[in-house]
2 protein chains.
Amino acid sequence: MKELKQRSTCPISTSLDVLGDKWTLLILRDMVFAGKSTYGQFLQSAEKMATNILADRLAGLEAQGILSKAVAADKKSKFTYRLTEKGVDIVPILVELILWGAKHCPTIIDPSLLAELQTGKGAAIEKYQRLAREQALA
Amino acid sequence: MKELKQRSTCPISTSLDVLGDKWTLLILRDMVFAGKSTYGQFLQSAEKMATNILADRLAGLEAQGILSKAVAADKKSKFTYRLTEKGVDIVPILVELILWGAKHCPTIIDPSLLAELQTGKGAAIEKYQRLAREQALA
DNA sequence: TATATTTACTTGCTTTTTGCAAGTACAAAG
DNA sequence: CTTTGTACTTGCAAAAAGCAAGTAAATATA
């Protein structure tokens, strides 16, 4: 169990102590928007994260209670990672990052997802939170 | 002018390429919620950022068009940094980070700010965006 | 049953980034 | 014309990230 170093008591600062690096939120993105749940699936993302970094971040997210690890139903050599409620609450942050990036940076995004987020942000957030919870049950 | 390395075309990934480190969003927090605008003021935050990191991040934010630098009205040896519209659009991300941190981590937050964000998030976001724009005019 | 594959990491090493302390430059004040 | 304030820059050590190869246990295959 690795402890978290908090630089201050500010909530933004503390959130960044947990989530503020270049990889952590990409793992959560893959879980929420791509339905990924295993180590091997996370490694296959377009951004090509190194295996040791992935292992480190997954351990950190588990230590923070943002995701939970369990042996897969089908194979004993396989683990599935799922969001906890603390993790589900990160969805709004991901959505705001999508909207800002899509508006201000050269990116490629599924037009239907963008439209969904722009026309009914609250409903879309609830939808992806619900999907994440359902995966956590499956 | 330093160029941005994008790891992929994903909007979340790209947003993180710009904002996803432990210091950048703290500078923006200080501008939005503490009304700070100068190098010296940014150095005085509770998190004690190193001077070279601050200079590097300010240059990066300016290069990305998130903030603009101008000679101060009173002193020629002083610069003021202000948010552009691209920067003002980051306020919702900051607000979600505050809400998540305040809910799930041990932090200290002004109760009236928290209540404001919880009861009327949209209105609060617009208020702080407006304040940031007004500072940009002053 | 023996071998190969899948899945999930770990290890060692190099490169990059961060963090710290001291130094520089220039305008303004005394 | 020297001191102070403001904004950096530089050099070096420490930490983190990135890369390639190796390990280990469970499954599938021959």
Side-chain angles (χ1 to χ4, degrees), chain A residues 1-8 13 16-27 30-31 34-64 67-82, chain B residues 1-8 13 16-27 30-31 34-64 67-82:
Chain A
M1 181 74 113
K2 72 175 172 186
E3 86 224 63
L4 179 66
K5 278 183 207 164
Q6 273 186 254
R7 290 171 294 174
S8 79
S13 168
L16 292 174
D17 289 334
V18 180
L19 308 170
D21 71 283
K22 294 209 178 287
W23 295 111
T24 297
L25 287 172
L26 289 189
I27 295 173
D30 285 347
M31 297 180 81
K36 294 184 185 177
S37 63
T38 69
Y39 192 91
Q41 288 177 322
F42 296 134
L43 282 180
Q44 284 158 27
S45 300
E47 294 85 8
K48 298 293 169 202
M49 149 170 37
T51 64
N52 54 345
I53 306 289
L54 174 59
D56 180 80
R57 294 306 184 278
L58 286 173
L61 285 167
E62 201 190 353
Q64 291 306 312
L67 49 77
S68 63
K69 184 182 181 177
V71 176
D74 51 337
K75 285 186 181 181
K76 282 182 191 171
S77 63
K78 208 169 164 184
F79 294 101
T80 54
Y81 294 91
R82 309 209 185 277
Chain B
M1 179 74 113
K2 72 173 169 187
E3 87 223 59
L4 177 67
K5 278 184 208 165
Q6 272 185 254
R7 289 171 294 174
S8 77
S13 167
L16 292 174
D17 289 335
V18 180
L19 308 171
D21 73 281
K22 295 210 178 288
W23 295 110
T24 298
L25 287 171
L26 289 188
I27 297 172
D30 285 347
M31 297 180 81
K36 294 184 183 177
S37 63
T38 68
Y39 192 91
Q41 288 177 321
F42 297 133
L43 282 181
Q44 285 159 27
S45 300
E47 295 85 8
K48 297 296 171 202
M49 155 169 32
T51 63
N52 54 345
I53 305 288
L54 175 58
D56 179 79
R57 295 304 185 279
L58 286 173
L61 284 167
E62 201 191 353
Q64 292 304 313
L67 48 79
S68 63
K69 185 182 181 177
V71 175
D74 49 338
K75 284 188 181 179
K76 281 182 190 171
S77 63
K78 206 171 167 183
F79 294 101
T80 53
Y81 292 91
R82 309 210 184 276

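Chain A is the first sequence line, chain B the second, and so forth, proteins listed ahead of strands; every chain is numbered from 1.
- The distance between atom CG of A:Leu16 and atom P of C:dT18, rounded to the nearest whole Å, is 14 Å.
- The side-chain heavy atoms of A:Leu58 and A:Lys69, taken from C-beta on, include no pair separated by under 4.5 Å.
- Applying the salt bridge (Lys or Arg N to Asp or Glu O under 4.0 Å) rule to B:Lys22 yields no partners; only residues at least two apart in sequence or on another chain are considered.
- Taking the charged nitrogens against the carboxylate oxygens, A:Lys5 and A:Asp17 have no contact shorter than 4.0 Å, which rules out a salt bridge.
- Interface residues of residues 37-46 of chain A facing DNA chain C, ordered by number: A:Thr38, A:Tyr39, A:Gly40; criterion, heavy-atom separation under 4.0 Å.
- Using a 4.5 Å heavy-atom threshold, the side chains of B:Leu61 and B:Tyr81 count as separate.
- Put simply, NZ on B:Lys78 is 18 Å from C1' on C:dA25, counting in whole angstrom units.
- Although no hydrogens or angles enter the test, the distance criterion places no donor-acceptor pair under 3.5 Å between the side chain of B:Tyr39 and the main chain of B:Thr80.
- Nucleotide C:dT7 holds its C1' atom 16 Å from the NZ atom of A:Lys36, rounded to whole Å.
- For A:Ser8, the side-chain hydrogen bond (donor to acceptor under 3.5 Å, both in side chains) test picks out A:Ser13, B:Glu47, with sequence neighbours left out.
- Take A:Lys36 and apply the side-chain hydrogen bond (donor to acceptor under 3.5 Å, both in side chains) test, not counting sequence neighbours, and it matches A:Ser45.
- Note: CD (B:Glu62) to C1' (D:dC8) measures 13 Å, nearest angstrom.
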Can you give one letter per nucleotide of nucleotides 17-29 of chain D, going 5' to 3': B for a protein heavy atom under 4.0 Å from the base, S for sugar-phosphate only, - for none?
-> SBB-B----SS--
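- Contact check, B:Tyr81 against D:dC8: a side-chain N or O comes under 4.0 Å of OP1 or OP2.
- Listed by chain and number, the residues in a side-chain hydrogen bond (donor to acceptor under 3.5 Å, both in side chains) with A:Gln6 are A:Thr14 (sequence neighbours excluded).
- Following rounding to the nearest Å, B:Met49 (CE) and D:dC8 (P) show an atom-to-atom distance of 13 Å.
- For A:Gln41 (side chain) and A:Thr38 (main-chain N/O), a donor-acceptor pair under 3.5 Å exists by modelled atom type.
- Between the P atom of C:dA8 and the CD1 atom of A:Ile27 lies a distance of 13 Å, rounded to the nearest Å.
- When the P atom of D:dT6 is taken as reference, atom CG of B:Leu58 falls 16 Å away, rounded to whole Å.
- Look at B:Lys69 and you'll find a side-chain N or O under 4.0 angstrom from OP1 or OP2 of D:dC8.
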